[in-house]
Amino acid sequence: EVQLVESGGGLVQAGGSLRLSCAASGSTLNNYAIGWFRQAPGKERERVSSISSIDGSTDYADSVKGRFTISIDDAKNTVYLQMNSLKPEDTAVYYCAAYFALSYYTLKVDAYEYDYWGQGTQVTVSS
């Protein structure tokens, strides 16, 4: 079973950058897809980005395209989310999540399809 731990959140001014990390343990991330989700107060959890460890394919929500970059470091068993040009509306708790992707051809978008979750890290963007 995969255990996920996020880190890297914090307070940043609008226009700034942060890099979130999602460290996996208990299993390698081989054959898993990993997603970053976020949830702001009073809002539903939304998928921000996903990456497949099988073929390296990535996917982004329209709201973050061109600003966020997801990547995976197989040697460190860690997934990163580089967030640039941050906006106040990016403020949320960010979660990483994973599912075993060997039998799937497209990256999943819905939170309920992800089986393993981290505890979340707070990102606050001030205006």
Side-chain angles (χ1 to χ4, degrees):
E1 183 171 316
V2 177
Q3 289 88 46
L4 304 171
V5 177
E6 303 95 334
S7 61
L11 173 64
V12 64
Q13 288 188 332
S17 298
L18 283 174
R19 188 178 77 159
L20 304 184
S21 299
C22 174
S25 62
S27 173
T28 70
L29 289 175
N30 291 343
N31 298 324
Y32 282 84
I34 301 89
W36 283 97
F37 291 77
R38 65 186 181 187
Q39 188 166 21
K43 294 189 177 181
E44 292 187 355
R45 189 169 296 190
E46 65 169 338
R47 201 279 310 253
V48 174
S49 181
S50 299
I51 187 168
S52 168
S53 68
I54 299 171
D55 61 6
S57 59
T58 60
D59 191 23
Y60 297 90
D62 289 342
S63 59
V64 306
K65 279 182 181 176
R67 300 189 298 123
F68 291 10
T69 303
I70 192 170
S71 62
I72 187 168
D73 185 330
D74 292 327
K76 295 183 177 180
N77 217 31
T78 298
V79 174
Y80 302 98
L81 185 68
Q82 178 67 43
M83 305 187 296
N84 299 328
S85 302
L86 282 162
K87 305 175 181 179
E89 51 263 44
D90 294 319
T91 295
V93 178
Y94 283 71
Y95 301 88
C96 66
Y99 66 91
F100 191 71
L102 199 57
S103 300
Y104 303 100
Y105 297 98
T106 59
L107 291 167
K108 298 183 181 298
V109 177
D110 295 316
Y112 74 88
E113 296 185 290
Y114 286 72
D115 298 311
Y116 307 99
W117 289 82
Q119 82 290 348
T121 185
Q122 176 70 47
V123 172
T124 303
V125 184
S126 63
S127 57

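Numbering starts at 1 and runs along the sequence shown. Note that the structure is predicted; figures quoted are calculated from it, not measured. Worth knowing before you read on, the calculation uses all heavy atoms, side chains too, and leaves out hydrogens, waters and symmetry mates.
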Value rounded to 0.5 Å, distance of [atom1] in [X] from [atom2] in [Y]:
X	Y	atom1	atom2	result
Leu107	Tyr99	CG	OH	5.0 Å
Gln82	Leu18	CD	CG	8.5 Å
Phe68	Ser17	CZ	OG	9.5 Å
Leu81	Thr121	CG	OG1	11.0 Å
Thr69	Met83	OG1	CE	11.0 Å

* **Set of residues satisfying side-chain hydrogen bond (donor to acceptor under 3.5 Å, both in side chains) with respect to Ser52, sequence neighbours excluded** => Asp55
* Structure fact -> Smallest heavy-atom separation, Val2 atom then Ser27 atom, equals CG2-CB, 3.8 Å
* Considering all heavy atoms, the nearest Gly9-Leu20 contact -> N-CD2, 3.6 Å
* Structure fact -> For residues 71-80, the side-chain hydrogen bond (donor to acceptor under 3.5 Å, both in side chains) pairs (sequence neighbours left out) are none
hydrophobic_cluster_shared for [Y] and [X], side chain cutoff 4.5 Å:
X	Y	value
Tyr114	Ile72	no
Phe100	Val79	yes
Val5	Val48	no

For residues 28-37, tabulate all N or O donor-acceptor pairs below 3.5 Å that involve a side-chain atom, not counting sequence neighbours.
residue, atom, partner, partner atom, Å
Thr28, OG1, Asn30, N, 3.4

Pairs where [range] contributes a residue and the test salt bridge (charged side-chain N to carboxylate O under 4.0 Å, His left out) is met, not counting sequence neighbours:
range	result
residues 109-127	Lys108-Glu113
residues 13-40	Arg38-Glu46, Arg38-Asp90
residues 56-66	Arg47-Asp59, Asp62-Lys65

* Asked: Glu6 side chain to Gln119 main-chain N or O, any donor-acceptor pair under 3.5 Å?
  -> yes
Can you name the side-chain contact (heavy atoms from CB on, under 4.5 Å) partners of [X], sequence neighbours left out?
X	value
Glu1	Gln3, Tyr116
Glu44	none
Ala14	Pro88, Val125
Val93	Tyr95, Gln122

* Asked: Do Ile51 and Tyr60 come within less than 4.5 Å of each other through their side chains, counting heavy atoms only?
  -> no
* **Pairs satisfying disulfide (SG to SG under 2.5 Å), at least one member in residues 93-127, at least two apart** => Cys22-Cys96
